[in-house]
Amino acid sequence: MKTVVIVYMLLAVTFITQGTELHVKQGAKNQVVFVSDAPFGKFEGTTNNIDGYLYWENNILTANSSLYFEVDLNTLDTGIGLRNRHMRENYLQTDKYRFASFKGKITNVTAVSQGSFKVDVDGAMTIHGVTQSIKITGTLAKTDESSYNLKSDFTVKLSSYNIEIPSIMMVKLSEVIELHLNFNLQEVIKPEGKK
Amino acid sequence: MKTRSIIFLAVIILISLISNASAQITWKQHEVVDNLPLQLFHSPQSINLPTVETLQQGDFEFEISHRFLPPIKNGTKDFYGFDGPVNMRIALGYAVTNDLVVTLGRSNVEDNLELKGKYRALQLKETFLPLLVGVQIGIARNTQTFGQTANAGRTYQYFGQLIFNTMIYKTFGIGIVPSYLYNSNIYVNEVQNSFTLGMNFQYYVSKMVSVLAEFNPTVNGYVNRFDSAAFGVELETGGHFFKIILTNNAKLNSTQFLSGADKTIGGGEWRLGFNITRLLKF
């Protein structure tokens with residue numbers, strides 16, 4: 001009986017974890033930008049409509065970490081209304097695939113400076129209904145007691161997500177799209193269950 | 001002893017369950033709301049009739065349109081009309097808001113200068129067929145008239161249009177455009193008015209290509225000989241619309257087009273024309 005109690009106590013101790021959960025702090029300062037760099041010119045689309053969370057335990061970023069972010073593709077603005085509609089209806093098909101999302105976990109952390117970390121993330125990107133595993137690197141910086149800023153730059157290949165390469169006046173746009181993310185996260189204070 | 005152990009165990013399990021609950025992610029996806037305006041036709045205009053489509057606030061749209069006067073049946077003699085003469089229109093539209101476009105246009109026919117405003121008034125998304133309703137009003141002045149107009153004030157013309165658009169299977173657009181024109185003919189003594197019932201149809205074949213037709217019968221009032229009909233092909237590129245059409249009405253500015261055609265629909269005297277519009281952003 002005693003042994004059972006001890007085992008349970010040990011188990012309980014391991015279960016008493018301190019979880020840190022951050023949610024995307026909504027606001028105009030969040031920026032998701034895609035850049036298509038084609039031979040005849042460059043164009044970009046922007047939205048600040050990103051949402052999601054980042055979670056870790058016991059103040060260790062890699063401990064049981066998980067993260068999920070999604071971007072509402074209906075809100076992407078290239079600056080020209082007609083082009084936005086073309087992008088939504090002909091290429092991204094946002095009526096069927098409204099969100100681009102990324103789900104993953106932090107696999108490695110390197111401190112860059114006080115309160116700033118380079119984080120390696122391993123996960124699955126879903127765009128246009130197609131999911132691909134992808135490794136991304138970002139910078140997570142603590143901006144105050146409970147706020148963080150996350151920056152990440154990476155590229156995606158349109159053909160990997162079954163997105164037809166858009167052409168304007170018969171000239172194809174770039175197949176590789178650069179993505180630049182820069183957004184803010186706010187720690188969630190949980191009313192209970194947190195030690 | 002045994003009871004105490006069980007209670008102790010239960011407490012520990014409870015604690016472990018509570019603390020484990022902290023590993024539950026509390027984030028939830030926001031309720032997904034429809035955040036897009038209804039858009040049916042791709043181009044803000046059919047061939048001559050307007051659609052409810054507007055531009056994004058701050059966008060400009062430049063238009064240049066031609067109607068070649070010699071009918072295509074003259075063949076190589078007039079090079080299918082390209083030898084001219086030609087009616088032309090240039091126009092610049094500006095989106096004051098996402099729902100309001102103001103356009104200034106000029107045609108070489110009587111040097112007609114027109115100013116019109118189009119407002120996207122209503123959208124119904126959740127109905128059996130999607131419906132967009134718009135209204136367009138305009139004023140035009142014929143700045144170069146030939147011979148005498150009835151009086152100086154008669155060089156001005158006014159028009160108003162209601163625009164109803166719907167679309168079936170996202171590929172077949174239908175427009176109904178009842179239009180009223182005041183002072184349809186600037187040269188006659190009595191002020192003439194026209195009421196027409198415009199209709200336009202457009203089938204979107206692919207991302208880039210669609211075929212379109214329009215018909216503008218005069219229901220009541222003055223008509224310059226015949227009802228208007230036109231059909232053609234539209235190419236779109238995400239910034240340009242390029243329309244190549246055949247029509248029996250070679251007039252381009254709204255008040256001139258609405259007053260009717262000079263050739264019959266059945267007479268085989270179709271004229272070639274094109275509209276090119278280009279979105280501009282400064």
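The figures here come from the full heavy-atom set of this structure, side chains too, leaving out hydrogens, waters and symmetry mates. Lettering of chains follows the sequences in order, A, B, ..., and the numbering in each one begins at 1.
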- prompt: Who among B:D34, B:L280, B:L279 has the most heavy-atom pairs with chain A under 4.5 Å?
  reply: B:L279
- prompt: Is any side-chain N of the basic residue among A:E164 and B:K207 closer than 4.0 Å to the acidic one's carboxylate O?
  reply: yes
query: Is the number of heavy atoms from other residues, nucleotides or ligands under 6.0 Å of B:I137 CD1 greater than 12?
result: no
message: Which atoms of A:D95 are under 4.5 Å from chain B, going by heavy atoms: the side chain, the backbone, both sets, or neither?
response: side chain
- prompt: How long is the span from the CG atom in B:N35 to the CG atom in A:N74, to the nearest 0.5 Å?
  reply: 5.0 Å
message: Under 4.5 Å from any heavy atom of chain A, what part of B:F241 do you find: side chain, backbone, both or neither?
response: side chain
message: Within the supplied structure, the quantity of interest is the number of heavy atoms (other residues, nucleotides, ligands) at a distance under 6.0 Å from A:K157 NZ; does it exceed 12?
response: no
- request: Taking all non-hydrogen atoms of both residues into account, name the closest pair between B:D59 and A:I80 and its distance.
  value: OD2-CA, 4.0 Å
- request: Count the heavy atoms of every other residue, nucleotide or ligand shown that sit under 6.0 Å from NZ of A:K105, and state whether that count exceeds 12.
  value: no
query: Quick one: what part of B:L36 sits under 4.5 Å from any heavy atom of chain A, side chain, backbone, both or neither?
result: side chain
- line: If one checks every heavy atom of B:Q57 against chain A at 4.5 Å, the contacting part turns out to be neither
message: In the structure I gave you, are the side-chain heavy atoms of A:E89 and B:K170 within less than 4.5 Å of one another anywhere?
response: no
field: Greater than 12 external heavy atoms within 6.0 Å of B:K281's NZ
entry: yes
message: Among A:Y53, A:Y68, A:F99, which residue has the highest count of heavy-atom pairs closer than 4.5 Å to chain B?
response: A:Y53
message: Distance check, rounded to the nearest 0.5 Å: B:Q39 atom CD versus A:R88 atom CZ?
response: 5.5 Å
Distance-minimising heavy-atom pair for B:I25 and A:S66: CD1-OG, 3.8 Å
Residue B:F79 excluded, over 12 heavy atoms near CZ under 6.0 Å: no
B:W27 and A:H23 aromatic ring geometry - parallel, tilted or perpendicular at 30°/60° bounds: perpendicular
Validation row: B:M208, A:H86 side chains within 4.5 angstrom (heavy atoms): no
- prompt: Can you tell which of A:T78, A:N84, A:L82 makes a side chain to side chain contact (heavy atoms under 4.5 Å, CB included) with B:Q56?
  reply: A:N84
query: So which of B:H30, B:K28, B:Q29 actually passes side chain to side chain donor-acceptor pair (under 3.5 Å) with A:D51?
result: B:H30
